[in-house]
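Input: a single structure, listed below in structure tokens.
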Amino acid sequence: MLAMLLIHSFLSSSTEPDAYSLCYNFTVDPQPSTGQPWCVVQGQVDGNGFLSYDCGGAVIQSTSPLGEEVKTTNTWKSQMETLGDIGDFLKGQLPDVIPEKHTARGPQTLQGRMTCWYEEDGHISGSWQFGFNGQMFLHFDSENGHWTEVHSGGRRMKEKWENDRAVSNFFKNVCMGDCRAWLRDFMVHWEEMLKTTVRTTVSPPMQPTAPASHHIIKIILGVSAGFVISIIAWIICKKRQEVRARKSEPAFQL
């Protein structure tokens with residue numbers, strides 16, 4: 001397969017949809033239950049899951065045909081190390097970014113979402129979202145390095161990371177470097193699969209059909225009309241016979 005030609009064709013085509021995106025959802029639990037991983041990553045393409053990764057155990061699994069399609073590629077193997085590094089990094093940052101009002105409420109589960117996607121013109125953009133216990137607190141634009149506080153509980157996280165150039169650079173480089181490269185490589189294998197999925201999931205337009213009761217009414221009206229026409233024809237025929245009979249009778253003689 002001519003990978004570079006396919007990638008160039010995909011990036012330069014203005015007719016391709018801009019929905020292709022690669023997303024990794026990180027969940028870091030500082031105190032996991034017995035037997036549970038402290039870090040789990042779920043990978044998605046256009047919202048469709050394709051991998052699950054245990055950071056601590058370094059175990060990666062494909063979770064769909066999309067994953068099966070790329071699990072033998074070098075990109076599949078190389079992403080494992082980077083995903084593990086991100087999990088370790090988030091775990092190390094966790095004690096310093098927990099919201100102040102939650103520090104006495106027990107362990108907080110940190111979520112991070114890294115996303116990179118194709119723009120309509122073929123440009124690849126990227127961003128991060130961070131939160132605790134299922135609620136998003138902070139947004140990071142990986143292109144311009146801008147941090148946005150989405151929830152008041154993200155103030156501590158924003159202040160800590162916004163003022164630390166190393167942290168911003170780490171998130172930016174991983175998203176705009178690694179994630180972007182993975183998306184390009186994976187799309188060489190996924191593009192036709194995703195197009196096929198769209199074609200098979202879109203139902204053909206249904207032809208308008210009349211309900212059964214409507215058909216019954218039409219049949220009844222048709223039968224009734226035929227019956228009425230038959231009666232009228234019989235009456236007309238009878239009248240004509242009577243007229244002919246009267247004409248054939250001899251005139252009355254006085």
Side-chain angles (χ1 to χ4, degrees), residues 18-33 36-56 79-120 123-183:
D18 59 352
Y20 290 135
S21 64
L22 186 61
C23 174
Y24 294 89
N25 295 305
F26 295 81
T27 301
V28 179
D29 187 348
Q31 297 182 18
S33 303
Q36 298 298 315
W38 62 266
C39 172
V40 175
V41 185
Q42 302 291 336
Q44 298 177 329
V45 55
D46 287 354
N48 301 305
F50 74 98
L51 73 78
S52 177
Y53 180 61
D54 177 353
C55 304
Q79 70 179 340
M80 291 177 58
E81 183 177 354
T82 303
L83 295 177
D85 291 342
I86 297 173
D88 290 333
F89 182 82
L90 292 176
K91 183 180 181 181
Q93 293 288 316
L94 187 55
D96 297 327
V97 297
I98 295 177
E100 297 90 336
K101 64 180 180 179
H102 294 295
T103 54
R105 296 187 181 182
Q108 296 291 305
T109 300
L110 172 64
Q111 283 92 33
R113 174 179 294 174
M114 176 176 66
T115 307
C116 52
W117 63 91
Y118 281 107
E119 299 284 2
E120 187 173 343
H123 176 71
I124 298 180
S125 299
S127 68
W128 279 90
Q129 294 177 338
F130 301 95
F132 288 93
N133 295 347
Q135 184 172 20
M136 186 175 72
F137 284 22
L138 193 64
H139 179 273
F140 176 66
D141 189 319
S142 299
E143 289 194 277
N144 58 29
H146 182 68
W147 292 91
T148 302
E149 183 181 338
V150 180
H151 185 276
S152 59
R155 184 183 61 180
R156 185 176 181 180
M157 183 187 295
K158 181 175 183 292
E159 292 176 352
K160 173 70 167 58
W161 287 348
E162 188 176 38
N163 297 320
D164 191 331
R165 183 177 296 273
V167 172
S168 295
N169 287 339
F170 175 77
F171 289 131
K172 180 177 181 178
N173 292 336
V174 171
C175 188
M176 299 307 297
D178 297 276
C179 185
R180 180 164 60 178
W182 299 340
L183 177 57

Discussion item. One pair to check against disulfide (SG to SG under 2.5 Å): Cys116 and Cys175. What are the steps and the verdict?
Written reply: CA-CA 7 Å; Cys116 52; Cys175 188; 5.7 Å; no
Practice prompt. Give the intermediate values and the outcome of side-chain contact (heavy atoms from CB on, under 4.5 Å) for residues Tyr20 and Val45.
Written response: CA-CA 7 Å; Tyr20 290 135; Val45 55; 5.5 Å; no
Worksheet item: Does the pair Val174 and Phe89 meet the rule for a side-chain contact (heavy atoms from CB on, under 4.5 Å), with working shown?
Response: CA-CA 12 Å; Val174 171; Phe89 182 82; over 6 Å; no
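With rounding to the nearest 0.5 Å, the separation of CD in Glu159 from CD in Glu149 is 8.0 Å. Rounded to the nearest 0.5 angstrom, Leu22 CG and Tyr118 OH are separated by 10.0 Å. Taken to the nearest 0.5 Å, the OG atom of Ser125 stands 9.0 Å off from the CZ atom of Arg180. Rounded to the nearest 0.5 Å, atoms CG (Asn48) and OG (Ser21) are 9.0 Å apart. Atoms NZ and CD1, on Lys91 and Ile86 in that order, are 16.0 Å from each other to the nearest 0.5 Å. Rounding to the nearest 0.5 angstrom, the gap separating the CG atom in Leu138 from the OG1 atom in Thr148 is 7.5 Å.
A heavy-atom distance below 4.5 Å is found between the side chains of Gln93 and Val167. No side-chain heavy atom of Leu94 sits less than 4.5 Å from a side-chain heavy atom of Leu90. The side-chain heavy atoms of Val150 and Phe137, taken from C-beta on, include no pair separated by under 4.5 Å. Looking at heavy atoms from C-beta onward, Arg156 lies out of side-chain contact with Val97 at the 4.5 angstrom threshold. Side-chain contact between Trp38 and Val28: present, with at least one pair of heavy atoms (C-beta onward) separated by less than 4.5 Å. Side-chain contact between Leu110 and Phe26: absent, with no pair of heavy atoms (C-beta onward) separated by less than 4.5 Å.
When the shell of 6.0 Å around CD of Glu81 is examined, it contains 12 or fewer heavy atoms from other residues, nucleotides or ligands.
Between Cys55 and Cys39, the sulfur-to-sulfur (SG-SG) separation falls under 2.5 Å.
Applying the ring-ring contact (aromatic ring centres under 6.0 Å, His included) rule to Trp147 yields the partners Phe140, Trp161; only residues at least two apart in sequence or on another chain are considered.
Just one residue in the list Lys158, Lys160, Arg165 forms a salt bridge (charged side-chain N to carboxylate O under 4.0 Å, His left out) with Glu162, and that residue is Lys158.
Side-chain contact of Gln79 with Tyr24: a donor-acceptor pair under 3.5 Å is present, judged by distance alone.
Here the shortest heavy-atom pairing between Arg113 and Cys23 reads CG-SG, 3.4 Å.
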Exercise answer: donor-acceptor pairs, residues 126-136 side-chain atoms, under 3.5 Å, sequence neighbours excluded:
| unit_1 | atom_1 | unit_2 | atom_2 | d |
| --- | --- | --- | --- | --- |
| Trp128 | NE1 | Phe171 | O | 3.0 |
| Asn133 | OD1 | Thr109 | N | 3.0 |
| Asn133 | ND2 | Gln108 | OE1 | 3.0 |
| Gln135 | NE2 | His151 | NE2 | 3.3 |

